[in-house]
Amino acid sequence: MDPEAVRGLLETERDELRAQLGELTAAPRDPMASVSFGKRVGEGTSQAVERITQVDAAKKLDAKLRDVERALEKLDEGTYGTCDACGEPIGDERLEAIPWAVRCVKDATRR
């Protein structure tokens, strides 16, 4: 893969992830929209479940963002395509599928 093409793809992915995280972690516009127990049975539970789902999504996006940023660092270092854990090549097929992969398949499953 062409390093500059990879860089462009990673930078675009980074910007999109940052925007998505910004939306998920932004304070509610309506101060009354904070989680409460509500007036009806189940209303507070629904709000709490929705918030838990948002927190989980934000954690996953943040982890992916860290990998994207690490892949960009690896491009700068000249180590893009090598596993951060074992130092072996990540593999072209994996990098084509997941350009921000910083670990080989074997080490990624141990994470």
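What's counted below: heavy atoms across the whole structure, side chains too, no hydrogens, waters or symmetry copies.
Taking all atoms of both residues into account, the shortest heavy-atom contact from A101 to L95 is O-CD2, 3.8 Å. L61 and L17 get closest at one heavy-atom pair: CD2-CD2, 3.5 Å. A71 and V102 get closest at one heavy-atom pair: N-CG1, 3.8 Å. The shortest heavy-atom contact between A58 and T25 is CB-CG2, 4.3 Å.
Judged as a side-chain hydrogen bond (donor to acceptor under 3.5 Å, both in side chains), and not counting sequence neighbours, the contacts of D56 are K60. Remark: L9 pairs with P99 by the side chain to side chain contact (heavy atoms under 4.5 Å, CB included) rule, at least two apart or across chains. In this structure E23 satisfies the side chain to side chain contact (heavy atoms under 4.5 Å, CB included) test with no other residue, sequence neighbours excluded. Partners of D2 under the side chain to side chain contact (heavy atoms under 4.5 Å, CB included) rule, at least two apart in sequence or in another chain, are E4, A5. I52 is linked by a side chain to side chain contact (heavy atoms under 4.5 Å, CB included) to nothing, counting only residues two or more places apart in sequence or in another chain.
For residues 71-80, the salt bridge (charged side-chain N to carboxylate O under 4.0 Å, His left out) pairs, not counting sequence neighbours, are R7-D76, R70-E73, R70-E77, K74-D84.
Here the side chains of I90 and T82 are not in contact, with every heavy-atom distance at 4.5 Å or above. Taking the side chain as every heavy atom from C-beta outward, C104 and C86 approach each other to under 4.5 Å. Between Y80 and L72 there is no side-chain heavy-atom pair separated by less than 4.5 Å. In this structure, the side chains of Q20 and L24 stay at 4.5 Å or more apart for every pair of heavy atoms.
Judged purely by atom type and a 3.5 angstrom limit, R94 uses its side chain to pair as donor or acceptor with the backbone of R103.
The side chain to side chain donor-acceptor pair (under 3.5 Å) test with E69 is passed by exactly one of R14, K64, R18: R18.
One distance of note links OG1 of T12 with CD of E16; it measures 6.5 Å at 0.5 Å rounding.
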